[in-house]
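Below you'll find the structure, written out as structure tokens, and then a few comments.
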Amino acid sequence: MKSWILKSEPDAFSIDQLMAERTQTTLWDGVRNYMARNNLLAMELGDKGYFYHSSCKVPAIVGEMRVVEKAFPDETQFNPESRYFDSKSTRKNPRWFSPRLQFERKYATPITRGMLHKTVLVNSQLFKSFRLSVLPLTQSEAATLEKIVLRLNPL
DNA sequence: GCCAACGTTGGC
DNA sequence: GCCAACGTTGGC
């Protein structure tokens, strides 16, 4: 099982909104960056997704999700009304894909960017490729993060 | 609100 | 195919 970090601006879509969904799932759509897309395509069923709130007062990992459906073409790319419309995308040749993620857990104590900065995770893509909105974690990074999570948020 | 980082676009 | 201009992300 792999672990990923998925960023969202809480003003646009927050973990509370995900929890409020009837099925507590969401399609991770609207991603328009090729590296991020490739990461979305690489997600397997059962992979863990850390929900990261970006562009807000306290950037932080705020909870966990689970991949419950592999990526398939993102409908918003075909919709001229959508802000994510892509005129160069066709149904035969879609460019953008979204997996479905299910809410698993919201942390009582979010893992802030500041806290992560003081750990070995400072060497992860969260800091190295800080603009990328969908990031993979290595096995050791995932293990480190999991330890921090469990220390601050015991099950 | 500023600005650095960096991906994308488009002219040549 | 290069690269300058431009736009966006996101921390601070």
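Treat the numbers as computed from the prediction; the structure is a model and nothing was measured. Values reported hereafter were calculated over all heavy atoms of this structure, with side chains retained and with hydrogens, waters and symmetry mates removed. Quick note on labels: first sequence line is chain A, next is B, and so on, each numbered from 1.
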Ring pair (Phe, Tyr, Trp, His ring centres under 6.0 Å) filter on F51(A), not counting sequence neighbours, yields W28(A), H53(A)
Could you work out, with side-chain hydrogen bond (donor to acceptor under 3.5 Å, both in side chains) as the rule, every residue matching K106(A), not counting sequence neighbours? D16(A)
Holding to side-chain hydrogen bond (donor to acceptor under 3.5 Å, both in side chains), I want the full list of residues that pass it with R37(A), two or more places apart in sequence or in another chain. none
Qualifying ring-ring contact (aromatic ring centres under 6.0 Å, His included) pairs, either residue in residues 76-105 of chain A, two or more places apart: Y34(A)-W96(A)
Of all pairs that satisfy ring-ring contact (aromatic ring centres under 6.0 Å, His included), the ones with a partner from residues 115-155 of chain A, not counting sequence neighbours: H117(A)-F127(A)
NA contact type, Y52(A), heavy-atom cut-off 4.0 Å: base, sugar-phosphate, or nothing? sugar-phosphate
Using a 4.0 Å cut-off on protein heavy atoms (strictly under), produce a 5'-to-3' string for nucleotides 5-12 of chain B with B for base contact, S for backbone-only sugar-phosphate contact, and - for none. BBSS----
